[in-house]
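Encoded as structure tokens, the structure appears first; notes follow it.
Basis for what follows: all heavy atoms, side chains included, without hydrogens, waters or symmetry-related copies. Letters A, B, ... mirror the listed sequences (proteins, then strands); counts begin at 1. Keep in mind that what you see is a predicted model, and the values were worked out from it rather than measured.
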Amino acid sequence: MTVRLRYAPSPTGHLHIGGARTALFNYLYAKHMGGDFILRIEDTDLERNIDRAADEFAKNLGWLGIVWDEGPDVGGKFGPYISTERLSIYEHYVEVLKEKGLAYHCYCSEEEIAAERDAAMAKGEVPRYSGHCRHLTATQISEYEAMGRKPVVRFLAANDQELRFHDLIRGELVFEPSGLGGDFVIVKSNGIPTYNFACTIDDHLMEITHVVRGEEHISNTPRQLLLYQALGWEPPHFGHVSLILGPNGKKLSKRDESIVQFVEQYRDMGYLPEALFNYLALLGWSPGGEQEFFNKDELIAAFTLDRVHKSGAFFDAARLSWMNSHYLKQQDAANLLPLVQPLLTDDQVQGLSNEWLTEWISLYQEKISQLDELPQMGASFFVEIPKLDEEANSMLNQETAQQVVKSFHEQVKNTALWTEEHIKPIFKTVQSETGKKGKDLFMPIRAAVMGSLHGPDLHRSLILLGQARVLTRLESVIK
RNA sequence: GGCCCCAUGGUCAAGCGGUUAAGACACCGCCCUUUCACGGCGGAAUCAGGGGUUCGAAUCCCCUUGGGGUCACCA
């Protein structure tokens, strides 16, 4: 039997790194086992649904390199893959449960339930639905209806045995039935099923074999187990992945601004999908060896659930950054060009060929850890005369530096060709003319031409700049 | 608070009863280099505490402590 896993986000925001990692683990395991990976949208919270969010999830998941075999856009034989398009399916199973006497209408208002809960809490007891509406008479029901109350449907959780399941990551997990909170809601008063219900129905009908999800779902599992039991279904295997922690040591909150946590933001900053993919795979999972860099196929080959960590992991932005700089170095500058172009203004790229820009990228490629550092770092190439920074300025105020610059200027002016082979001898000549070498030779020229003592390879920079512009820049600092 | 989960350096982590407790990021030195970076070499830094079990415990068990998750008509 082939393995089937799914990622089932609710379209209430952007894809964040925690969700992306959960999707990634599901994907990697499905592919490792030669099975299917399914994307399903759980949009049962009508109020919080955000337009286009589902498309964004798909877009960003796709960007990361996660591909699904079935989903809202690609279809599949277990569709539809969006909860709100499956309402009639859920209705059917509500009827099934009602016929078995395991589901009933509850007319208690949210206020009444809240009052019960608060009372229980005040007494230090576990909140638990009282079962008030379990056995309503026909008259009571019509009274409630006459009052205009809209019922929810509750599942009759009469279970009094402990619930247990073998978690793929954590091992045997056991729950006391008293902690469940009594009969829980499976259909909200607006007629839409709750997560626990929809999820159970969908996972079963879609023949999901392994449910790998965040640790925050551990406590939902016993309720879902009850549902599987009531429906006479075999539950899938469950595995709960630990949380990704923010700087405060708590579960990442989407509202926490201290950390960049949406996939799209990383894309915009110039992170490569391979780097994020690689980093996320290694967060909370380890193949055990010393290898750090893995491509997708290697990860698929290596990924197993039993090596997923039980403890939470801090999101280490510095490590991601390091990993991205590695992937950036690996790339051909030409491949980076389309990613860099959107980061440059029309003004900057005016009249510049792709070849020129590619060379410009390759000049800085190994110095950056994200692509959006490039425009700033390489800005001096886009202006006629760069502004001298403090260090460069004070260097050029020195008489010895002026000598070097003047001599260099003279040579540049008189050279006919402007290639690496012609530039090298120029430095030789300046060296013998001024008696300067090493730093004393190169730094004044770098300062004069680039406006800074730090920067990429000087020879290549000069060539890219072009003879005319180099001359202009030299003249601008000669006193 | 109830229930549940977790615990190796600052961070990611290897380790599954016998190791000088890997490796990486970050950090600090040094080297390479016309600068910055890259790279190379080196350094500092970890088994939360206490009990057991065992000839032997980072590894197994218990307790404590600490952290986290969850207690919705959100997922």
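- Nucleotides B:A26 and B:C62 have their C1' atoms positioned 38 Å apart, rounded to a whole Å.
- The P atoms of B:C61 and B:A75 are separated by 37 Å, rounded to the nearest whole Å.
- OP1 or OP2 of B:A72 has at least one side-chain nitrogen or oxygen of A:R117 nearer than 4.0 Å.
- Residues passing the side chain to side chain donor-acceptor pair (under 3.5 Å) test with A:R40 are A:E42, A:D203, sequence neighbours excluded.
- Under a 4.0 Å N-O distance rule, the pair A:K406/A:E433 does not qualify as a salt bridge.
- Residues meeting the side-chain contact (heavy atoms from CB on, under 4.5 Å) test with A:K437, sequence neighbours left out: A:Q431.
- Residue side chain A:R319 reaches the base of B:A24 through a donor-acceptor N/O pair under 3.5 Å, judged by distance alone.
- A:S189 contributes a side-chain N or O that forms a donor-acceptor pair with the base of B:C73 under 3.5 Å.
- Across all strands, A:G181 comes closer than 4.0 Å to no nucleic acid atom at all (heavy-atom distances).
- The separation of B:C12 from B:C73, taken at their C1' atoms, amounts to 41 Å, rounded to a whole angstrom.
- When the C1' atom is used for both B:C16 and B:C60, the distance is 10 Å, rounded to whole Å.
- The separation of B:A14 from B:G23, taken at their P atoms, amounts to 15 Å, rounded to a whole angstrom.
- At a threshold of 4.0 angstrom between heavy atoms, the contacts of A:I192 with the nucleic acid are absent.
- B:G66 sits 10 Å from B:G49 when the C1' atoms are compared, rounded to a whole Å.
- With rounding to whole Å, A:R48 atom CZ is found 14 Å from B:C73 atom P.
- Separation of the P atoms belonging to B:C25 and B:G40 is 9 Å when rounded to the nearest angstrom.
- Taking the P atoms as reference points, B:G50 lies 26 Å from B:A13, given to the whole Å.
- In this structure, A:D45 pairs ionically with A:R48, as a charged nitrogen and a carboxylate oxygen lie closer than 4.0 Å.
- Residue side chain A:W322 fails the stacking definition with respect to B:C25, as its ring centre and the base's six-membered ring centre are not both under 5.5 angstrom apart and under 30 degrees in plane angle.
- A:R213 has no side-chain polar atom (N or O) that falls below the 4.0 Å cut-off from OP1 or OP2 of B:G69.
- In this pair, A:Y27 and A:F37 present their aromatic rings perpendicular. The plane angle is above 60°, beyond the 30 to 60° band.
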